[in-house]
Every structure is written in structure tokens, then in C-alpha cells.
Amino acid sequence: MKRLSLSLLSLALAGSLTACGNTNKSQTDFTMAMGEDISSFDSASIADGGSIQVIKAATEGLMSHGKNGETINGLAKSVETSKDGKTYTFHLRDAKWSNGTVIKADDFVYGFQRIFKVSGPYIYMFGSAGANIVNADKLMGEALSKKLTDKDLKTLGITAKDDKTVVIKLTKPVPYFKQLMTFTCFRPINRAFALKQGKNYGQNPKAYLSNGPFKLVSWVKGSKAEFEKNNTYYNAKNIKIDHLTINLAQTAQAAAAGYENGKVDMFFPTSSVLDKYKNKKGFSSYNTGFEYYLLPNLKNKALANKNIRQAVSYAINRDDFAKSILKDGSTAATGFVPSGVATSPKKVDFRKDAGDYKVFTYNQAKAQKALNKGLKQLGKKAITLRVLYGTDETLMNQFATYVQNSLSKLKGLKVEVVATTKQDRVNNRQKNGDFDLSCTRWGPDYADPTTYLNLLVSSNGDNYGHYVSKAYDANMNKAYNTRNVNKRWKALVSAEKVAMNDLAVIPVFNQGGAQMINPKFGGIYTKPMVGTIFNYAYLK
């Protein structure tokens, strides 16, 4: 997920260890502790996990999530797809914004156009790396060099046929298009209201409109956001929580303390407190969909050598790191696309179809042998590699430290750790090639292998490792341009095989999630691509 330090997945559920929590509140109040802060409620301009999570609670798109995380109709009561798969017609249900204004098709037109107007971080999701909406790629390119006009924005492939009908045109069929419409960057925004608020839109409760289950009533950055049940929501009668509080920027220790004294109903235990909760009632684990990996800078002469990359990969004991250090349900990575994210037309998980790669199995002897061979090819007796990581990123300190300790055991390899912030890591050092190995991660934006594999296409703007492979690009182009779902899947499996054999990236672990929930509550779940959903929460 682009720039996503996801608290979609650092949230949690809870009640008191002894009394199962929340004894001082009414029965329909629910409090969640979240590891991150919120930057904004403007769905066009945010990319952080905290903001994405709360926007999901406060607004709804054309499509939504069912009780088990499946994609269902949201503000669209029905949808039609053209025979060629390139035109979607959404018919809106009768629904209102939290100020009583009727939701119209133009709200979606404006919401889509706004992300181009502000050059939002998820703008790429509209183009060939995501939804493939007509003219999105062209507008993205133009947005880099000029301020887009209303005339420019009208060329984007979304129109309001009438107040109740949204028509979206694509450049080619997208199998996962309906699911994409659940993502926050595709949310509607009331044009008149947003324009009136100007730069303040989404920056405080008075400058924001909800259309989902919960209405924002209070927000203090770094402290808490409070929501009330949104009585104008079309499905309000089935929302059972009257008051939702989200505590912001909470450490695992602070969240656990709130859980124990009955002031928190939900939190995610991390390794620092996990052992205390894993055998308690209300504890569960889940797959986050996040893959943590080392990104090699292939413009670095040493790392351009495949044997050096093999040495790095073989030197890391992924199982030991996941089970002994993290202990949160994380598992060793065996490929670039993690399990539990995407399934084939025959309902087989991608990871099972693609198989595992032996080069991601710990083998100290092979690591040293590969390093020796690489050093000989480079004409050097030793090399130094810098391992870059963000100190403000979940699990990255542990990740970088383990990598440093593992690689330092190899003779002829010196390792330096470079600590910075996530923003500097991504937007400066990676973007400008100022790194050797970067500790990074990616989470799925939608349930398809391309959400990961797009990153390694030579023309992708997020291909910071500068991986270029004609074979890889050819397989991806084949997947992009065929309507045969089986041939498409086969091409994606082949593409990953090329990249993994090249060690274009070095996967290390798939992040697991642990959560506690007050046993008095049910109907709350957390899933990859979905986050934590409160629509179906209820007091037992």
C-alpha cells in the first residue's frame, strides 16, 4: 500500500483482563486504541493508515464491505457492467450527507477529480497501476508540470449521467474494479461544501461531512477522535454503536493499560506485551497482508551483482526472526506476493500456485559462498552496505537490527545502519537513490497480485530499486492486456518467478496481526485491504 504505515493493522480490540472492560460507559459506547495519529479527513490527500482507518468509519463509497470482508454494494444500490468490461454504471441509492444534503452523482465526480487537483498520494490508483480510468495516466503526467483546470479534469473517465447515475469508463477491463471502489481515495466529496471550506476541508469536524455509519464530532490531533452514530446514514437502523472513540498515537503499553482499567475496548498487542494477552479470552491473530522486504539499489555496483544479493538473502533466518523476535503471528516470506491476499480463477492462493523460492531459506554456508563469489567478480576483498530504515515505522527498528546482525556474520561484509524517518526514507533517500539496502514494506490496496507486482515494472514510479527486466515487463504486459483470466494469472505467476530469480527485492517476513477485543462485543473484524470495520459491531 503506498506509503502506508498502517494502523489499519496496528489497531486493536479489548476489554478489561478481569472485568472485560468498559464498565463506566453506556452499553453502546466503544473505544479503540490506535497506534497512529490522523493527518486529515480529506480522502483525496491522505495516505497514512490512521487517516484511512477513520475515513472508512465516517464515509462510504460506491462499494462497501460485508460482514466477512467481502465486497458488497455501498452507496450504489446496483451496478451494470458493459459487455467489453470497460464501462461501469452505478445507480445510487437514496442517501444523505451528515448535514442532510442529498448525495448526488456529482459528489463522486468531484471526489475523483479532486485527487488530481491536489495531486494526492493515491493518484496512481486511478491509472494503469490500479483502476485504469480513461485519461487518468495523461492527467497524472500533466499534474506534474501544471495546475490542472476544470476543463482538464472533465476529461477523466467519470461522469454524472444524472443525479443518481455515475458512469466510469476504463481503458481496459479490470477484474478487481468493484473492490477498488471500496478504497478511500475513491470516496465521494460534496463539491459545494468542500469548495466553501477551502484549505480547511477535512481539517476539523466542522469542515468535514460524513456519509457513513459514524459522524465525526470531535478531533484533537495526537489525542483522540470521537464519532457518533450518523442518523442520516441510509443503513443507520442496523448500526448498534452510538458512540465510537478512537484514541490516537497510542503505544502498545498505553493501550494495554487502558484495556486493563476498562477504558479501552480494542487494541493490537505487539511483541512487547503480546505474551500477556495471547492466552486471554478475546485474543485473536490475523493476516495483515503487509510484506516487509529489503529493497536493493541496483545502481549500487555491489548490489548489481546477483551473488551479493543472494548472500544477503541466504544470511537472514526469517523463521527465527518471525517466531523468536516478533512473535505476533508474522511468518517467513517465501515470495513477493504473500499468502492470503489473492486467489486464482480456480480459487487457489497465489503463493501456493507460484510456490516458494529456496533463495529465501536461511543457509549461512551458501551466503558466505555467494558473497565470496561476488567479491571475486567485483575484484574486492570486502564491501560495506548501508541498511536504511525509518525510526517512526512499525517494526522497522527490529527489522534493521536483525538484518545488521545477520549480515555482519559474513566475512568480507561490513554493515552500517542508517536511521531516518519514513518520509525521508521514501521521499528523499529512496527517490534519489541515496541508499544501498532499504528496509521497506508494502500492503495490498486490493486483492490481486498486481498490487505488489506493479512495483517492479520498469516504468513504475515506485520502482526505487531501479529493477529493469524485459522478461518481467513482458509478462506483466501480457497480464495487463488479456481478458482470459487463466492466461492472465499464469502471466502474473511467471512475472513473479522472473523477479524472484533476479532477486529484484529480498522478501523477509509477512506481518501478522494480534488483536484483543472486549468479549462483550461482537461483529468487529480486521482484514487485509479492508482494515477494521465497525459497521456490524454489537453488544452481545
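Numbering of residues begins at 1 and proceeds along the displayed sequence.
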Exercise: do [X] and [Y] side chains pair donor with acceptor under 3.5 Å:
X      : Y      : value
Thr440 : Arg425 : yes
Thr232 : Ser98  : no
Ser40  : Asp42  : no
Gln515 : Ser285 : no
Asp445 : Tyr176 : no
Asp424 : Thr421 : no
Thr482 : Asn484 : no
Trp442 : Asp462 : no
Thr165 : Asp162 : yes

Scan for side-chain hydrogen bond (donor to acceptor under 3.5 Å, both in side chains) pairs involving residues 339-352, sequence neighbours excluded, and state none if there are none. Arg351-Glu496

Can you check whether [Y]'s main-chain N or O pairs, donor with acceptor, with [X]'s side chain at less than 3.5 Å?
X      : Y      : value
Arg114 : Gly120 : no
Arg191 : Phe108 : no
Arg187 : Thr182 : yes
Glu228 : Leu244 : no
Asn68  : Glu70  : no
Asp137 : Ser128 : yes
Glu393 : Gly390 : yes
Asn132 : Gly130 : yes
Asn510 : Ser330 : no

Please indicate whether [X] has more than 12 foreign heavy atoms, meaning atoms of other residues, nucleotides or ligands, lying under 6.0 Å from its [atom1].
X      : atom1 : result
Gln423 : CD    : no
Lys172 : NZ    : yes
Lys169 : NZ    : no
Lys478 : NZ    : no
Lys229 : NZ    : yes

For [X] and [Y], work out which heavy atoms get closest and say how close.
X      : Y      : answer
Asn73  : Tyr234 : O-OH, 4.3 Å
Leu295 : Phe435 : O-CE1, 3.3 Å
Ile38  : Asp48  : CA-OD2, 4.2 Å

Would you check, one step at a time, whether the test side chain to side chain donor-acceptor pair (under 3.5 Å) holds for Asn454 with Tyr480? CA-CA 10 Å; Asn454 284 337; Tyr480 291 150; 2.4 Å; yes

Please walk me through it: do Lys146 and Asp152 pass salt bridge (Lys or Arg N to Asp or Glu O under 4.0 Å)? CA-CA 11 Å; Lys146 71 170 188 175; Asp152 293 327; 3.2 Å; yes

Under the ring pair (Phe, Tyr, Trp, His ring centres under 6.0 Å) criterion, do Phe183 and Tyr446 qualify, and how do the steps go? CA-CA 8 Å; Phe183 203 72; Tyr446 49 91; 8.6 Å; no

Decide if the gap between the ring center of Tyr208 and the ring center of Trp219 is smaller than 6.0 angstrom.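 When the ring centroids of Tyr208 and Trp219 are compared, they turn out to be at least 6.0 Å apart.
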
Looking only at the aromatic ring of each residue, does the gap between the centers of Phe126 and Phe186 stay below 6.0 angstrom? yes

Which residue pairs pass the salt bridge (charged side-chain N to carboxylate O under 4.0 Å, His left out) test with at least one member in residues 121-131, sequence neighbours excluded? none

Going by heavy atoms in the side chains, are His65 and Ile72 under 4.5 Å from each other?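 His65 vs Ile72: side chains apart.
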
Any residue meeting side chain to side chain contact (heavy atoms under 4.5 Å, CB included) with Pro175, in chain and number order, not counting sequence neighbours: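 Scan of Pro175 (side chain to side chain contact (heavy atoms under 4.5 Å, CB included), adjacent residues dropped) gives Arg488.
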
What verdict does the ring pair (Phe, Tyr, Trp, His ring centres under 6.0 Å) test give for Tyr472 and Tyr467, after you've listed the backbone C-alpha separation in whole Å, the side-chain angles of each residue and the deciding distance to 0.1 Å? CA-CA 10 Å; Tyr472 185 83; Tyr467 175 63; 5.8 Å; yes

What class does the angle between the rings of Phe90 and Phe177 fall in, given that below 30° is parallel, 30 to 60° is tilted and above 60° is perpendicular? tilted

Step by step, would you call Asp84 with Arg483 a salt bridge (Lys or Arg N to Asp or Glu O under 4.0 Å)? CA-CA 9 Å; Asp84 64 2; Arg483 290 201 66 187; 5.9 Å; no

